[in-house]
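So the structure is just underneath, and the comments pick up after that.
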Amino acid sequence: MTFKQKPNYYTCVKLVTSAALSEMRLPGLLTVAMPVGVGMTFRVFGEWTGRPLLGAEVLSSFLMFGTVAGILMALFLDNVGGAWDNAKKYVEMGNFGGKGSEAHKAAVTGDTVGDPFKDTAGPSLHVVIKLLSTTILVLGPLFVARQGGTGGAIVA
């Protein structure tokens with residue numbers, strides 16, 4: 001690098017954005033498709049067993065579990081990432097040997113993991129929880145079978 005040319009920021013941002021969007025297709029699809037698949041499966045099973053609300057009941061449990069587990073994981077990632085970031089700053093202020101010490105090397109490693117935790121992984125789980133709950137609540141009526149049973153056929 002001679003620093004004689006200006007960097008091409010547009011190409012760099014385009015490349016990174018394209019890669020990020022392509023990597024997010026599967027998690028997004030999973031977040032939308034999983035509740036629909038579970039709800040429809042248990043709706044059919046509920047029709048066969050005479051429990052027309054089984055699909056909605058199972059999905060309410062699915063939503064509660066996803067919300068509780070997601071929020072706990074997001075809080076963990078947010079707090080641990082911040083703690084590791086602050087630990088590095090604390091060591092760099094001269095504590096535990098300061099810069100260049102073994103503690104500093106460990107703190108840099110922790111900060112390398114902690115920054116993505118607090119900046120991307122933790123906050124993105126909040127989006128996943130919101131997408132999951134929106135999908136389940138908007139499509140809720142789809143997962144309720146008609147009263148009286150239909151011999152296994154799906155009736156909207």
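Model, not experiment: these values are computed from the prediction.
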Residue pair L72 / F76, side-chain heavy-atom distance below 4.5 Å: no

Shortest non-hydrogen separation from T120 to P116 and the atoms involved: OG1-O, 2.7 Å

Hydrophobic cluster membership, V68 vs L132, 4.5 Å side-chain cutoff: no

For K89, side-chain contact (heavy atoms from CB on, under 4.5 Å) partners two or more places apart: D85, N86

Pairs touching residues 121-143 that satisfy salt bridge (charged side-chain N to carboxylate O under 4.0 Å, His left out), sequence neighbours left out: none

ILVMFWY cluster, I129 and I136 together (side-chain gap under 4.5 Å): no

Co-membership, hydrophobic cluster, residues V128 and L139, 4.5 Å side-chain: no

Residues that Q5 engages under side-chain hydrogen bond (donor to acceptor under 3.5 Å, both in side chains), provided they are two or more places apart: none

Listed partners of S22 passing side-chain hydrogen bond (donor to acceptor under 3.5 Å, both in side chains), at least two apart: none

Separation of N95 CG from H104 NE2 (nearest 0.5 Å): 12.0 Å

Non-neighbouring partners of D115 that pass salt bridge (Lys or Arg N to Asp or Glu O under 4.0 Å), sequence neighbours left out: K118

By side-chain contact (heavy atoms from CB on, under 4.5 Å) - contacts of S133 (at least two apart): L63

Residue pairs, two or more places apart or on separate chains, that pass salt bridge (charged side-chain N to carboxylate O under 4.0 Å, His left out) and touch residues 70-83: none

L131 to G28 - nearest heavy-atom pair and separation: CD2-O, 4.3 Å

All salt bridge (Lys or Arg N to Asp or Glu O under 4.0 Å) counterparts of D111, not counting sequence neighbours: K88

Exercise: identify the closest heavy-atom pair between S101 and V91: OG-CG1, 4.3 Å

Pairwise salt bridge (charged side-chain N to carboxylate O under 4.0 Å, His left out) hits with a residue in residues 99-110, at least two apart: E102-K105

Connected via hydrophobic side-chain network under 4.5 Å: L137 and L54: yes

Interatomic spacing from CG in L59 to OG1 in T135 - rounded to 0.5 Å: 10.5 Å

For V127, side-chain contact (heavy atoms from CB on, under 4.5 Å) partners two or more places apart: none

Closest contact, heavy atoms only, N8 versus T11: ND2-OG1, 2.7 Å

Nearest non-hydrogen partners of F96 and A103, listed with the distance: O-CB, 3.5 Å

Listing, residues 30-41 side-chain donor-acceptor contacts under 3.5 Å, not counting sequence neighbours, or none:
residue	atom	partner	partner atom	Å
T31	OG1	P27	O	2.7
T41	OG1	G37	O	2.7

Residue pairs passing the salt bridge (charged side-chain N to carboxylate O under 4.0 Å, His left out) test where at least one lies in residues 56-75, sequence neighbours excluded: R51-E57

For G122 against A74, the heavy-atom pair lying closest together: O-CB, 3.6 Å

F45 atom CZ: more than 12 heavy-atom contacts under 6.0 Å: no

Atom pair CZ/CZ of F143 and F42 - distance to nearest 0.5 Å: 12.5 Å

Separation between OH of Y10 and CG of L15, rounded to the nearest 0.5 Å: 11.5 Å

Donor-acceptor under 3.5 Å (S18 side chain, K14 main chain): no

